[in-house]
Colleague: 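Right, I'll just put the structure down here and ask away after.
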Amino acid sequence: MPGTPPRWTIDELTAEAAHAVEVFRKSRESEPLELYLELYEASLADVEDVLEATVDLSRLHEEASRLLSPDQYRYVMRYLVGPAISEDDLKTAVGKVAYSQAKKGQNPGAAHVIDALLPNIDRRRFPWVMEDREPT
């Protein structure tokens, strides 16, 4: 027979919450800055590759199959929209078959993914896309 569940006082809960905050702070402080900088540089390179390959996002459809196949570029593509979309949500939005085709660099799946992303391109970061003009 199961025992009685524990009961904590407000003081005990407050002390545990304060302890949890302190553990979190120490954990964050111990995260290596060098790792962040390394990952940032790699991500920046991927973003630059996507922008260059698509001529500043003007050729998203033409480059869809090439850009949705590598994981790192697919990640960038998911963050072009605002708000960003998770891989699971994008897969649900476009369907498993289309998403699977896109991951393999195949059309029409890749084109379908672009069709789902394009209307949601972040207008604050990439205003030229929706305004159909050159970036400044």
Side-chain angles (χ1 to χ4, degrees):
M1 180 166 218
T4 305
R7 293 188 175 266
W8 295 279
T9 67
I10 293 295
D11 289 341
E12 290 171 323
L13 290 171
T14 301
E16 286 298 318
H19 176 70
V21 168
E22 188 58 31
V23 168
F24 172 78
R25 283 184 184 139
K26 287 181 180 177
S27 171
R28 288 292 294 182
E29 290 170 0
S30 68
E31 290 178 356
L33 177 60
E34 288 304 315
L35 178 59
Y36 165 78
L37 295 174
E38 191 177 303
L39 293 171
Y40 180 89
E41 288 300 319
S43 294
L44 181 60
D46 293 338
V47 170
E48 289 171 345
D49 288 350
V50 167
L51 290 172
E52 185 177 322
T54 62
V55 189
D56 295 320
L57 306 179
S58 68
R59 296 180 48 83
L60 283 169
H61 278 102
E62 295 85 348
E63 299 298 328
S65 58
R66 185 166 74 104
L67 293 175
L68 291 167
S69 151
D71 290 343
Q72 72 271 21
Y73 293 160
R74 198 169 52 258
Y75 182 84
V76 170
M77 299 296 284
R78 292 187 300 104
Y79 277 82
L80 295 176
V81 299
I85 187 168
S86 73
E87 188 161 15
D88 287 337
D89 286 354
L90 183 57
K91 187 187 311 179
T92 300
V94 300
K96 290 179 183 179
V97 172
Y99 196 74
S100 177
Q101 289 174 338
K103 284 178 70 171
K104 294 174 186 171
Q106 300 170 344
N107 275 316
H112 191 57
V113 171
I114 295 302
D115 288 340
L117 294 174
L118 196 54
N120 301 302
I121 295 287
D122 188 327
R123 289 165 176 82
R124 293 186 70 79
R125 289 182 294 153
F126 313 109
W128 65 88
V129 174
M130 291 300 142
E131 295 169 9
D132 196 27
R133 62 172 175 82
E134 294 290 318
T136 56

Colleague: Rounded to the nearest 0.5 Å, how far apart are CG of Leu68 and OH of Tyr99?
Modeller: 7.5 Å
Colleague: Run the salt-bridge test on Glu31 and Arg28 with the 4.0 Å N-O cut-off and return the result as yes or no.
Modeller: yes
Colleague: Heavy-atom distance under 4.5 Å between the side chains of Lys91 and Lys103, does that happen here?
Modeller: no
Colleague: Quick one: OG on Ser30 to CZ on Arg25, what's the gap to the nearest 0.5 Å?
Modeller: 14.5 Å
Colleague: Quick one: does Met77's side chain get under 4.5 Å of Leu60's, heavy atoms only?
Modeller: yes
Colleague: Could you go step by step and tell me if Leu51 and Leu57 meet the side-chain contact (heavy atoms from CB on, under 4.5 Å) rule?
Modeller: CA-CA 6 Å; Leu51 290 172; Leu57 306 179; 3.7 Å; yes
Colleague: Return the minimal non-hydrogen interatomic distance between Asp122 and Arg125, and the atom names on each side.
Modeller: OD2-NE, 3.0 Å
Colleague: Tell me, with the steps shown, if Ile85 and Asn120 meet side-chain contact (heavy atoms from CB on, under 4.5 Å).
Modeller: CA-CA 10 Å; Ile85 187 168; Asn120 301 302; over 6 Å; no
Colleague: Please check if the number of heavy atoms outside Glu87 that lie under 6.0 Å from its CD is greater than 12.
Modeller: yes
Colleague: Any side-chain to backbone donor/acceptor pair from Ser69 onto Ser65? Under 3.5 Å, distance only.
Modeller: no
Colleague: Can you classify the ring geometry of Tyr79 versus Tyr75 as parallel (below 30°), tilted (30 to 60°) or perpendicular (above 60°)?
Modeller: tilted
Colleague: For Ala111 versus Ala64, what's the shortest heavy-atom pair and its separation?
Modeller: N-CB, 4.3 Å
Colleague: Quick one: closest heavy-atom pair of Val81 and Leu117, and the distance?
Modeller: CG1-O, 3.3 Å
Colleague: Looking at Trp8 and Glu16, would you say the former's side chain and the latter's main chain have a donor-acceptor pair under 3.5 Å?
Modeller: no
Colleague: Would you name the heavy atoms of His112 and Ala98 that are closest together and state the gap between them?
Modeller: CD2-CB, 3.6 Å
Colleague: If you measure from CG on Leu39 to CD on Glu34, what distance do you get to the nearest 0.5 Å?
Modeller: 11.0 Å
Colleague: If you look at every heavy atom in Asp56 and Trp128, which pair is closest and at what distance?
Modeller: O-NE1, 2.7 Å
Colleague: What verdict does the side-chain contact (heavy atoms from CB on, under 4.5 Å) test give for Asp49 and Leu67, after you've listed the backbone C-alpha separation in whole Å, the side-chain angles of each residue and the deciding distance to 0.1 Å?
Modeller: CA-CA 9 Å; Asp49 288 350; Leu67 293 175; over 6 Å; no
Colleague: For a quick test of reading the model, state the closest non-hydrogen atom pair linking Arg7 to Glu12 and the distance between them.
Modeller: O-OE1, 4.1 Å
Colleague: Do Leu80 and Tyr40 belong together in a cluster built from hydrophobic side chains that touch within less than 4.5 Å?
Modeller: no
Colleague: Any non-hydrogen side-chain atom of Leu118 less than 4.5 Å from a side-chain atom of Val129?
Modeller: yes
Colleague: Roughly how far, to the nearest 0.5 Å, is OH of Tyr36 from CD of Glu41?
Modeller: 9.5 Å
Colleague: Any chance you could measure Ser58, atom OG, to Glu63, atom CD, to the nearest 0.5 Å?
Modeller: 9.5 Å
Colleague: Do side-chain atoms of Thr14 reach the backbone of Ile10 as a donor and acceptor pair under 3.5 angstrom?
Modeller: yes
Colleague: In the single-linkage hydrophobic clustering (I, L, V, M, F, W, Y; side-chain heavy atoms under 4.5 Å), do Met130 and Ile114 co-cluster?
Modeller: yes
Colleague: Is a side-chain donor or acceptor of Ser27 paired with a backbone partner of Val23 at a separation under 3.5 angstrom?
Modeller: no
Colleague: Can you measure from CD (Gln106) to NZ (Lys104) and round to the nearest 0.5 angstrom?
Modeller: 5.5 Å
Colleague: Quick one, Arg78 with Asp89, criterion side-chain contact (heavy atoms from CB on, under 4.5 Å). Give me CA distance, side-chain angles, the key distance, then yes/no.
Modeller: CA-CA 10 Å; Arg78 292 187 300 104; Asp89 286 354; over 6 Å; no
Colleague: Step through the shown structure and confirm whether more than 12 heavy atoms of other residues, nucleotides or ligands are within 6.0 Å of CD on Glu134.
Modeller: no
